[in-house]
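Here is the structure we will look at.
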Amino acid sequence: MAPPAHWRPGLVALDIDGTLCVEDDRTATTAHTRISPAVRAAVDAVVRSDTHLVLCTGRSLLGVRPFLAELGLARGTAICSNGAVWLDAATGDVRSKSVFDPVEPVTILRDLLPDAMFLLEELGVGNRTNVRHELGYHGQHRVVDFPELVATPTTRLSIGWPDHTAADLMAKLDGVVLPGVHCTYAEAAAGMAWMFASPAGVTKGSSLERLRIELGVPATDTLAVGDGTNDLEMLAWAAHGVAMGQAPEVVRQVADEVTAPVTEDGLAHVLGRWFRP
């Protein structure tokens, strides 16, 4: 469904991987695939306007800071770790964070998935993990024993299950209650199924609503673009939610519109309606 004639968003929320740039390959050593010239020009046009631009991603702050610099964002807020961490876009400093106690959810998951890899975010540093790996996560990776793995609260828990699909993981955990967290699922490279846990009640959508109120932007003036299951709440939150062309069906169904895939500069097509390079 198209927005009203003459409508123009006052807040634009953008996912990163699969929306702003091609999906990050977690087996690679590079931080991300280069933002295409068309998408870069479209985002620049938003930055030059009076509209609030918010990067809203599952990435850690370490994975977001390079984008803030690359896009030249000198004002506003970026939302990381699926809503759990807010950054000052101008400085890259943490504005706020939400954490959860990982003991119960990790204990339950370890029993169900004994061969899984666990990564718990250490904000601004990297992750602590139960196994040594070569995945392209940002920052330092400390291999620790189980007591240390769950010893302190975290902003984000990532679980990788090798040689399985997201459907396998969802089926395995069907009906399982993980206290204190909100979970999303995703496929990734190298045959690894992924689940990401953030504090209960914290999603991209809930964080964007807090920020919208803080900024005084009317709820009717919000635009969000994304491609993953962690974008579901964000797309439902927006007055106009747009799914990328390669998004799975469950994401496309929530969106008001489906644009071209990231490999065809779908984000540029969307932003170009209201913001001219």
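Computed over heavy atoms, backbone and side chain alike; hydrogens, waters and symmetry mates excluded.
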Item to check | salt bridge (charged side-chain N to carboxylate O under 4.0 Å, His left out) partners of D44, counting only residues at least two apart | outcome: R40
Checklist entry - Between N130 and V143, does a side chain to side chain contact (heavy atoms under 4.5 Å, CB included) hold up when you go through it step by step? => result CA-CA 5 Å; N130 61 324; V143 180; over 6 Å; no
Checklist entry - Below 4.5 Å, heavy atoms only, C-beta onward: do E104 and P179 meet side chain to side chain? => result yes
Next on the checklist: Applying side chain to side chain contact (heavy atoms under 4.5 Å, CB included) to I16 and C21, what does each step give before you reach the verdict?
Outcome noted: CA-CA 6 Å; I16 293 181; C21 66; 4.2 Å; yes
Checklist entry - Would you say L157 and L61 are hydrophobically clustered, going by side-chain heavy atoms of ILVMFWY under 4.5 Å? => result no
Item to check | H182: ring pair (Phe, Tyr, Trp, His ring centres under 6.0 Å) partners, not counting sequence neighbours | outcome: none
Item to check | Heavy-atom closest contact (A224 atom, M234 atom, distance) | outcome: CB-CG, 3.6 Å
Next on the checklist: For G266, is there any backbone N or O sitting under 3.5 Å from a side-chain donor or acceptor partner on T259?
Outcome noted: yes
Checklist entry - Heavy-atom distance under 4.5 Å between the side chains of F118 and T129, does that happen here? => result no
Item to check | Results of side chain to side chain donor-acceptor pair (under 3.5 Å) for D93 - residues two or more places apart only | outcome: T91
Item to check | Any residue meeting side chain to side chain contact (heavy atoms under 4.5 Å, CB included) with D145, in chain and number order, not counting sequence neighbours | outcome: P147, E148
Checklist entry - By side chain to side chain donor-acceptor pair (under 3.5 Å), which residues pair with W86, not counting sequence neighbours? => result none
Checklist entry - Which residues satisfy the side chain to side chain contact (heavy atoms under 4.5 Å, CB included) test with V181, sequence neighbours excluded? => result F100, P105, L178, C183, A197
Item to check | Side-chain heavy-atom pair L208, T222 within 4.5 angstrom cut-off | outcome: no
Checklist outcome for this item: Nearest heavy-atom approach of P199 to S98 is CG-O, 3.5 Å
Checklist entry - Does anything in residues 203-218 pair up under salt bridge (Lys or Arg N to Asp or Glu O under 4.0 Å), and if so which pairs, sequence neighbours excluded? => result D15-K204, R95-E214, K204-D231, E209-R212
Checklist outcome for this item: Value for CG (L120) from OG1 (T152), rounded to nearest 0.5 Å, stands at 8.0 Å
Next on the checklist: Which heavy atom of M192 sits nearest to which heavy atom of G160, and what is that distance?
Outcome noted: SD-C, 3.4 Å
Item to check | Reference residue L235; test side chain to side chain contact (heavy atoms under 4.5 Å, CB included); the match among V254, D256, V225, V242 | outcome: V254
Checklist entry - What ring-ring contact (aromatic ring centres under 6.0 Å, His included) pairs are there with at least one residue in residues 249-277, not counting sequence neighbours? => result W7-W274
Item to check | Point-to-point distance, once rounded to the nearest 0.5 Å, from CZ of R156 to NZ of K97 | outcome: 14.5 Å
Checklist entry - What's the shortest heavy-atom distance between P9 and T51, and which atoms? => result O-OG1, 2.8 Å
Next on the checklist: Once side chain to side chain contact (heavy atoms under 4.5 Å, CB included) is applied, do any residues pair with A247, and if so which ones, sequence neighbours excluded?
Outcome noted: D227, A243, V251, R252
Next on the checklist: Checking S81 against R59 for the side chain to side chain contact (heavy atoms under 4.5 Å, CB included) test, could you report, in this order, the C-alpha distance in whole Å, the side-chain angles of both residues, the deciding distance, and whether it holds?
Outcome noted: CA-CA 5 Å; S81 298; R59 281 176 173 246; over 6 Å; no
Checklist entry - Looking only at side chains, do T154 and R128 share a donor and an acceptor under 3.5 Å apart? => result no
Checklist entry - Any side-chain heavy atom of F67 sitting closer than 4.5 Å to one from L55? => result yes
Next on the checklist: Taking the side chain as everything from C-beta on, heavy atoms only, tell me whether T57 gets closer than 4.5 Å to L14.
Outcome noted: no
Item to check | Salt bridge present between R142 and E122 (N-O < 4.0 angstrom) | outcome: yes
Checklist entry - Do V202 and N82 have side-chain heavy atoms sitting under 4.5 Å apart? => result no
Checklist entry - Can you name the side chain to side chain contact (heavy atoms under 4.5 Å, CB included) partners of T220, sequence neighbours left out? => result P218
Next on the checklist: Is any side-chain heavy atom of L71 closer than 4.5 Å to one of I35?
Outcome noted: yes
Using residues 106-117 as the side-chain source, report each donor-acceptor pair under 3.5 Å to any protein atom, sequence neighbours left out, with the distance given to one decimal.
residue : atom : partner : partner atom : Å
T107    : OG1  : V103    : O            : 2.6
D115    : OD1  : W161    : NE1          : 2.9

Checklist entry - Could you walk me through whether L68 and L87 pass the side chain to side chain contact (heavy atoms under 4.5 Å, CB included) check? => result CA-CA 10 Å; L68 300 178; L87 297 185; 4.3 Å; yes
Checklist entry - Is any side-chain heavy atom of D221 closer than 4.5 Å to a side-chain heavy atom of L11? => result no
Checklist entry - Considering residues at least two apart in sequence or located in another chain, which fulfil the side chain to side chain donor-acceptor pair (under 3.5 Å) criterion with S49? => result none
Checklist entry - Closest approach of A74 and A90, non-hydrogen atoms and distance? => result O-CB, 3.3 Å
Next on the checklist: Can you tell me how far apart CZ (R65) and OG (S60) are? Round to the nearest 0.5 Å.
Outcome noted: 9.0 Å
Item to check | Minimum-distance pair of heavy atoms, taken over all atoms of P153 and P102 | outcome: CA-CD, 4.0 Å
